[in-house]
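Below is one structure, written out as structure tokens, with a few remarks after it.
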Amino acid sequence: MPDMLRLWACLLLLGSIQAVPFYGDSGFDTEFVPLEHQQPQQQGRQEPAGPVPAQAPGGVDQKPFNVESITTDVNSPNPAIFFQQQFPFFGNEFFNSFGGFGFGAAQEPWWKGPNVCTEKEEDETVASATETDETVDTFGQERDGVSSVVRSPLFGQFQFSVNSCAEKPNKHVCTKIVNQNGKKKTLTLTRQCCYGYGRPRNADFTTPCEKIDIKDVEATASDMGAKQFLESARSAGELAEMLGGGNGKKVTLFVPNDAAFVEYRSQQQQDNNVEDPKAEASKPSIYKLHAVLGEVQLEDVQNEKLLQTELADQKIRINSYQLPAALGLEPYRYAANCVPIEKHDKLSEQALVHTLGGVLKPVTKNVMDIIRARADMSIMRTVLEKTNLSAMLESDRPVTIFVPTDAAFDKLEPHLRRALKEGRGCASNILKNHLLDLTFCSLATVPGAKTTAYNLLGEALLLNRTHLDKNQTGPAPIYINNLAKIIDADIMGTNGVLHVIDTILPTESALPMTSLMTQKNLTIFQQLLEASGYADQFDDLDNVTIFAPTDKALQGTEWARMLKEQPELLNKNLDLLEFLNYHVVKPMIKTCDLTEQSLPTVSGSSVRLNLYSTHALFSDVMNRATVNCARLVHFDDESCGSVLHQVDRPLTPPKNNMLKLLEANPNYSKFLELVRKANLTQLLSNDSRSFTLLVPKNDVFEELTESTEGSRPSDPMGLVKTHIVEDVVCCAGIIPTNWPFVRSIESISGQHLRITRDRRPKIENAGVTKCDVVATNGILHEINDIIVPRPLRNQQRPQLIPPGAGYQPQGDFDVFF
């Protein structure tokens with residue numbers, strides 16, 4: 001008995017791992033995923049005896065869209081039914097075996113009840129090399145197909161096949177694949193309510209098939225609120241032909257409801273100035289366009305399915321959109337050529353009837369041809385053709401485009417509008433922000449719910465249908481990203497749909513670099529580009545990295561003063577051009593790809609990248625970056641194949657090496673004298689090496705001389721070498737540290753110099769009074785004390801950064817900066 005209990009416990013644990021209860025969504029936004037990209041979520045089991053695979057009652061055909069509701073109230077199912085639905089591999093027998101343990105009585109599904117008809121299909125193909133040779137059920141017996149036992153598996157083997165079952169309101173379909181002797185056999189078993197029987201929508205899975213009242217097609221349409229269309233078709237002599245001409249073939253009718261048909265006839269009369277509206281409405285095409293041969297149940301139709309109508313060369317595109325249960329609506333919304341299907345799958349004596357919220361119109365142009373024919377879309381047409389995206393809108397693949405009018409282009413800043421019209425720079429990316437590779441009809445949006453679709457850039461578009469006020473009529477307006485309003489929806493083409501919007505949808509990844517700078521409040525740097533006359537050249541740059549100083553960093557500079565007082569002197573100013581180009585390097589480098597290295601700029605000079613850690617404990621995690629010791633304070637803003645990083649000071653190309661810096665500053669003359677006495681001038685003038693030079697000012701030496709009564713250092717070489725570090729240690733890389741997390745840098749004399757920060761960076765006993773004077777071969781820090789060499793010890797201290805210029809960062813800049 002204990003062994004049996006342990007077995008049941010293991011089975012329950014297995015089930016809890018594989019099936020997690022779902023009561024509702026935690027967030028508000030869900031993705032739109034095309035049907036072909038979704039993975040099946042149903043799993044079933046094989047019956048131990050008998051030819052029929054068991055169901056997965058919780059399984060439902062995947063639909064291509066999900067919409068999420070603002071509210072997350074979802075009614076919980078009955079516990080016994082819930083477990084049977086969530087753990088289908090146990091089946092009813094598992095729960096019934098507990099008897100009096102309180103797991104509930106047996107629940108027979110409707111498809112095992114009366115009035116159910118069964119169809120079996122079998123398809124045989126050659127199995128691929130990767131597929132197995134046998135099918136094994138969950139009870140360990142291998143079976144040929146469904147019923148006959150072939151042989152028992154070897155001891156220790158664990159092989160089984162999982163049936164794929166799908167439950168629909170009036171249909172239950174199970175598919176089983178059997179691989180045997182190199183042949184792949186697919187068995188499909190369909191159980192559905194027999195003709196004349198059906199089940200209520202959203203019925204419990206135990207509700208059986210019951211007799212339904214089947215009427216004449218006109219009576220059925222009348223009951224569905226759509227009699228006038230068929231009456232008009234009969235009076236025009238078209239109804240009999242729509243119903244197959246009495247040949248007994250199955251037909252499906254898409255019938256506009258009475259309100260929609262009356263509105264259509266009224267509109268036709270206004271548009272064509274026809275006195276008798278019936279004369280215009282009696283055109284044969286308008287009726288045959290709503291008839292399809294065959295019985296088309298919407299729950300069986302794949303998304304984007306094209307149905308051939310009885311009108312030559314005219315098809316109906318079916319789209320389906322899944323809604324959350326919290327909305328309390330039908331689980332799916334269906335559209336025919338983006339016209340809402342309001343009621344569906346009603347059986348009549350002559351046809352299967354679906355009713356529409358509008359009248360279908362002939363579709364003869366693809367989406368691109370529609371744009372070409374519209375006078376208010378001339379700019380969009382030009383840009384699409386220049387970027388060659390027009391080819392996509394002319395293909396047969398489904399597409400949705402949100403088309404800005406010419407007036408929407410006028411709202412753009414002149415620079416961006418010019419770039420778009422010329423089809424250069426980021427024009428292609430901006431257009432892709434308006435394109436979806438699926439058919440998105442406006443009925444996919446629901447008031448009170450947020451709907452997310454992903455464009456060709458992989459970026460989310462958030463669509464929100466607002467609620468109408470009590471005194472408002474017509475469809476509720478739809479906004480995209482709370483910015484653009486759809487002013488004309490659901491213009492259908494042969495390959496998708498077009499929606500007209502009043503504002504261009506911006507995207508940071510598609511903005512020209514100068515526009516991105518404006519958006520990121522880098523106004524001074526952007527204005528310098530405009531004033532120089534080279535803004536267009538910057539926007540045309542590709543695969544570059546721009547280190548742009550913040551406005552705070554540029555305030556007080558000579559360039560900012562000239563921009564304010566003498567902007568005319570900046571136009572075509574070559575010095576300004578060199579300054580701007582020094583902030584641009586090739587190629588595009590995001591922070592996750594930064595390494596310690598020197599990179600050539602567009603101006604020709606190089607900038608030096610350095611990485612540091614600001615973590616006291618994890619000193620090998622590089623999470624701070626500098627360029628010429630200017631710290632990156634904001635980073636990784638992409639724009640058309642380039643990237644923008646913000647730095648906290650402007651970059652100026654160094655003109656002198658270390659030795660020349662000392663010679664140029666009279667305050668460093670005493671330290672320069674020691675350098676010469678130590679014969680280290682050649683070392684400090686070597687541009688092939690990189691140093692950090694710690695320089696006490698003359699007054700520091702004077703104070704030392706007074707305190708020691710005129711004595712001079714006995715070892716000038718040792719003293720100078722203690723102030724030279726063969727590495728670049730910027731002030732941004734020095735952080736506060738305390739024991740035991742002490743950090744140090746090593747001078748070329750072998751001294752380990754402790755570094756920390758109080759009010760200012762501190763190196764051993766000396767505070768840094770002036771940081772980061774950049775030279776061609778390193779940086780210089782001015783310090784307020786002399787670092788006296790100590791006797792060397794045979795011990796190692798942790799270094800600030802690992803040596804070597806090729807060190808790769810190990811941290812995530814987005815997390816630690």
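All values derive from a computational prediction rather than experimental measurement. Below, each value reflects all heavy atoms present in this structure, side chains not excepted, and no hydrogens, waters or symmetry copies.
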Go through the steps for Cys629 and Cys731 under the test disulfide (SG to SG under 2.5 Å), then give the verdict. CA-CA 7 Å; Cys629 286; Cys731 284; over 6 Å; no
Side chain proximity check, Leu662 to Leu780, heavy atoms < 4.5 angstrom: yes
Please step through side chain to side chain contact (heavy atoms under 4.5 Å, CB included) for the pair Lys660 and Asn657, ending with a clear verdict. CA-CA 5 Å; Lys660 290 183 178 180; Asn657 58 38; 3.4 Å; yes
Should Leu694 and Leu753 count as side-chain neighbours, where that means a heavy-atom distance under 4.5 Å? yes
Minimum heavy-atom separation for Glu746 and Val725, please, with both atom names. O-CG1, 3.4 Å
Is a side-chain donor or acceptor of Thr692 paired with a backbone partner of Val729 at a separation under 3.5 angstrom? yes
To the nearest 0.5 Å, what is the distance between CD1 (Ile546) and CG (Leu516)? 9.0 Å
Does the side chain to side chain contact (heavy atoms under 4.5 Å, CB included) test come out yes or no for Leu599 and Ile589, once each step is laid out? CA-CA 11 Å; Leu599 289 172; Ile589 305 176; 3.4 Å; yes
Check whether more than 12 heavy atoms from other residues, nucleotides or ligands sit under 6.0 Å from atom NZ of Lys552, and answer yes or no. no
Okay, side chain of Arg417, backbone of Leu412: is any donor-acceptor separation there less than 3.5 Å? yes
Asp636 side chain to Thr591 backbone, donor-acceptor under 3.5 Å: yes
Could you tell me whether a side-chain N or O of Asn777 sits under 3.5 Å from a main-chain N or O of Leu684, the two making a donor and an acceptor? yes
Quick one: CG on Leu576 to CD on Glu558, what's the gap to the nearest 0.5 Å? 11.5 Å
Distance only, no hydrogens: is a donor on one side chain within 3.5 Å (strictly under) of an acceptor on the other, for Ser669 and Asn698? yes
With a 4.5 Å cut-off on side-chain heavy atoms, are Phe538 and Asn581 touching? yes
Evaluation steps, side chain to side chain donor-acceptor pair (under 3.5 Å), between Asp551 and Thr523: CA-CA 7 Å; Asp551 282 358; Thr523 54; 2.5 Å; yes
Less than 4.5 Å apart, side chain to side chain, heavy atoms only: is that true for Val768 and Arg760? no
Using every non-hydrogen atom in the two residues, find where Pro653 and Glu578 come nearest and quote the distance to one decimal. CG-OE2, 4.4 Å
Without swapping roles, check the side chain of Thr737 against the backbone of Thr756 for a donor-acceptor pair under 3.5 Å. no
Scan side-chain atoms only and decide if Glu782 and Thr769 contain a donor-acceptor pair under the 3.5 Å cut-off. yes
Minimum heavy-atom distance Asn784-Gly767, with the two atoms named: OD1-N, 2.8 Å
With no hydrogens and no angle check, do the side chains of Gln597 and Thr595 hold a donor and an acceptor under 3.5 Å apart? yes
Kindly indicate, with the supporting measurements, whether the criterion side chain to side chain contact (heavy atoms under 4.5 Å, CB included) is fulfilled by Leu461 and Phe402. CA-CA 11 Å; Leu461 297 180; Phe402 301 96; 4.0 Å; yes
Just wondering, do Tyr534 and Lys572 contact through their side chains at under 4.5 Å, heavy atoms? yes
Tell me, do His723 and Leu719 make a side-chain contact under 4.5 Å, heavy atoms counted? yes
Can you check whether Tyr454 reaches Glu459 side chain to side chain, under 4.5 Å on heavy atoms? no
Residue pair Lys670, Glu673: steps toward the salt bridge (Lys or Arg N to Asp or Glu O under 4.0 Å) verdict: CA-CA 5 Å; Lys670 293 189 180 295; Glu673 181 182 347; 5.6 Å; no
For the atom pair CG (Leu389) and CG (Asn429), what is the distance rounded to the nearest 0.5 Å? 9.5 Å
Can you tell me how far apart CG (Asp502) and CG (Leu483) are? Round to the nearest 0.5 Å. 8.0 Å
Main-chain N/O of Ile755 paired to Arg743 side chain as donor or acceptor, under 3.5 Å: no
Can you name the nearest heavy-atom pair linking Leu505 to Ile501, along with the distance? CG-CD1, 4.1 Å
Look at the side chain of Tyr612 and the backbone N and O of Cys730, then say whether any donor-acceptor pair between them is shorter than 3.5 Å. yes
Are the side chains of Arg608 and Val728 in touch, meaning some heavy atoms are under 4.5 Å apart? yes
Judged by atom type as modelled, is there a donor-acceptor pair below 3.5 Å linking the side chain of Asp406 to the main-chain atoms of Ile379? yes
Ile524 vs Trp559, side chain to side chain contact (heavy atoms under 4.5 Å, CB included): CA-CA, chis, key distance, verdict: CA-CA 9 Å; Ile524 297 180; Trp559 295 122; over 6 Å; no
Where is the tightest heavy-atom contact between Pro696 and Phe671, given as atom of each residue plus distance? CD-CD1, 3.7 Å
Gap separating the CD1 atom of Ile401 from the CG atom of Leu384, nearest 0.5 angstrom: 5.0 Å
Nearest-0.5 Å distance, CG of residue Leu435 to CD1 of residue Ile430: 12.5 Å
For His645, enumerate each residue passing the ring-ring contact (aromatic ring centres under 6.0 Å, His included) test, keeping only those at least two apart in sequence or located in another chain. Phe547
Taking all atoms of both residues into account, what is the closest heavy-atom pair of Ala560 and Gly556, and its distance? CB-N, 4.4 Å
Check the surroundings of atom CD in Gln682: do more than 12 heavy atoms from other residues, nucleotides or ligands lie under 6.0 Å from it? no
Are the side chain of Asn667 and the backbone of Lys697 linked by a donor-acceptor contact shorter than 3.5 Å? no
Expected output: side-chain Tyr582 to main-chain Ser606 donor-acceptor under 3.5 Å: yes
